[in-house]
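Quick note on labels: first sequence line is chain A, next is B, and so on, each numbered from 1. For clarity, every value in this text was computed on a predicted model and none was experimentally measured.
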2 protein chains.
Amino acid sequence: MNNPSTQCNECPQIHVHKPLTDACATCSLRTLCVPGGIPATDLAKLDNLVSMRKRIKRGEYVFRVGDDFNSLYAVRAGFFKTRITSTDGRDQITGFQVPGELLGFEGVATEQHGVDAIALEDSEVCILPYTDLERIAREFPPLQHQLHRIMSREIMREHNVMLLLGTMKAEERVAAFLLNLSERYRHLGYSSVEFVLRMTRQEIGSYLGLKLETVSRTFSKFHEQGLIEAQGKQIKLIDMGQLRQLINANKQVLS
Amino acid sequence: MNNPSTQCNECPQIHVHKPLTDACATCSLRTLCVPGGIPATDLAKLDNLVSMRKRIKRGEYVFRVGDDFNSLYAVRAGFFKTRITSTDGRDQITGFQVPGELLGFEGVATEQHGVDAIALEDSEVCILPYTDLERIAREFPPLQHQLHRIMSREIMREHNVMLLLGTMKAEERVAAFLLNLSERYRHLGYSSVEFVLRMTRQEIGSYLGLKLETVSRTFSKFHEQGLIEAQGKQIKLIDMGQLRQLINANKQVLS
DNA sequence: CGTAGCCTTGAGATGCATCAAGCATTGTGG
DNA sequence: CCACAATGCTTGATGCATCTCAAGGCTACG
């Protein structure tokens, strides 16, 4: 797995890839992804981290619940959702992933993937074989620590989603969602004010614990109040200050 | 930190501890905790993992949001909650921890703790200095992998809480909560049928995204229906099968 | 043994879900 | 390239689950 080949193991019939060398060292996302915080002079040590890259078309799966866990996947381009389904058929979207973020950590514990990972637009991922990753992390402490940071950050993110789902009203949830997306786009160097939603109202609702009608109504309400402009998936944030105040609505009441 | 001393660094005024040797190898929780899955013959390699132990009285904190992150804490005895507080004062309990479980992972990312960890009864934790842990994990792959498994399991657990908070009704949440506690007690070798709740209705509600009155009413309803017996914190599960069916309520509708 | 925190239950309010209908957008095959 | 089907979005009307407010009883801890 750690020797890049001209043949993609995971999709032999479809894609052919060139050997990857210096995948991370030459990647424009290097500061935002796994190599983040690792000195540029040491990036050569990550040379065998990425075995290959794979294109994922809109609607296709990177992996499904129950698939054997072999690798993590770093989003190189595009947009993904991860989804868990209960035994009785209820769906919950557990996250949306943008370039630089990792997919698949939930599979380490059971050696099977625990979520479906689905592309919301034509995308590309870097495949990081997990046994290689553990080996390189043992030999190279900064990578070890960075891996732990990434998992820890995911745990913190989920704590915040739990806070949102457990305590916030619909308006607060939608405002928090928009501001979070905005911040992540800013971080990637895109506009934090104007962007296109990659997901449907139904998917936003699934993530936020709301029905699609409630998401739609909330967008309309924000529009009327002059907080955003929303026509379909095109979003423009007009008054981010007030959106932030919405999330802290409780503070007003207490003071 | 990795040389056990007769003086506890973290609470010098209060507690004095004996040097710890073979803390994990001789611990009755060894199969359920960090050493889980590591061959007994190799447990000596974990000898320096636990720098010391610390008693935490009911209501006391192991750490608070914003505290410097230095160590993980393994629950050796007792019962804990972890709690996140939003900027405007809303609380969300993010988990309850029983013996064998770890506290503190959320602090790795920012080097500050991201939750409050509070004892719900008089308890004891093992202190695992984090730099030691990373070093030993590099030298001893089974520990490295076990650490990753534990973090991954926490991520999966939180996915399931998100599903609960995002899609389930009050009755379903409470049933899921009781069955989850039951299962964890069973795993520890305690009765899975009869147990004492360590937390208040308000804390259960905070974890489940419900108000305490709703939790109370749901307990009463289950009692009337003969699913449980509940008098205050003493709980007895009478019909676990039906509690399980409650969680899968959707399936009935679909079939 | 007293008191503060915890729990239960009721009545009424409300925020979101549900059901329904029509419109908009997107993608596809003729 | 257009037409139309499928999917996604908006908006309205209604219902219901849960919250809120309130009061009284219970428990347990100091």
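- When rounded to the nearest whole Å, the span between CG of L197(B) and P of dT27(D) equals 15 Å.
- Contact of R217(A) with dG15(C) (side chain to base): no donor-acceptor pair of N or O atoms is detected under 3.5 Å.
- Across the interface with DNA chain D, nearest-nucleotide mapping of T214(A) and K169(A) shows T214(A) to be the residue nearer the 5′ end.
- For the pair S216(B) and dC7(C), the criterion of a side-chain N or O lying under 4.0 Å from OP1 or OP2 is not met.
- Between T200(A) and dG8(D) there is no side-chain N or O to OP1 or OP2 distance below 4.0 Å.
- Checking the phosphate oxygens (OP1, OP2) of dT27(D), no side-chain nitrogen or oxygen of K233(B) falls inside 4.0 Å.
- The distance between atom CD of E224(B) and atom C1' of dT9(C), rounded to the nearest whole Å, is 11 Å.
- Within 4.0 Å (heavy atoms only), G209(B) reaches sugar-phosphate atoms of the nucleic acid but no base atom.
- Listed pair R58(B) / dC29(D) meets the phosphate criterion, a side-chain N or O lying under 4.0 Å from OP1 or OP2.
- The nearest whole Å value for the distance from the CG atom in L212(B) to the P atom in dC6(C) is 10 Å.
- One interatomic measurement links the two molecules: CG of L208(A) to P of dG15(C), which rounds to 18 Å at whole-angstrom precision.
- For E213(B) against dC21(D), a side-chain-to-base donor-acceptor contact under 3.5 Å is present.
- Closest to the side chain of A170(B), out of dT11(D), dT18(D), dT20(D), is dT18(D).
- Checking the phosphate oxygens (OP1, OP2) of dT10(D), a side-chain nitrogen or oxygen of R201(A) falls inside 4.0 Å.
- Put simply, CD on E172(B) is 12 Å from C1' on dA17(D), counting in whole angstrom units.
- Here Y207(A) and F96(A) bring their ring centres to under 6.0 angstrom of each other.
- For F63(B) and Y73(B), the gap between ring centers is short of 6.0 Å.
- When rounded to the nearest whole Å, the span between NZ of K211(B) and C1' of dG10(C) equals 19 Å.
- For the pair S220(A) and dT11(D), the criterion of a side-chain N or O lying under 4.0 Å from OP1 or OP2 is met.
- The distance between atom CD of Q202(A) and atom C1' of dA17(C), rounded to the nearest whole Å, is 14 Å.
- Note: CD (Q234(B)) to P (dC26(D)) measures 19 Å, nearest angstrom.
- Heavy atoms of other residues, nucleotides or ligands lying less than 6.0 angstrom from NZ of K233(B) number more than 12.
- Side-chain atoms of S220(B) come within 3.5 Å of backbone N or O of S216(B) as a donor-acceptor pair.
- The closest donor-acceptor contact from the side chain of E172(A) to the backbone of K169(A) lies under 3.5 Å.
- Here L210(B) lies in heavy-atom contact (under 4.0 Å) with sugar-phosphate atoms only.
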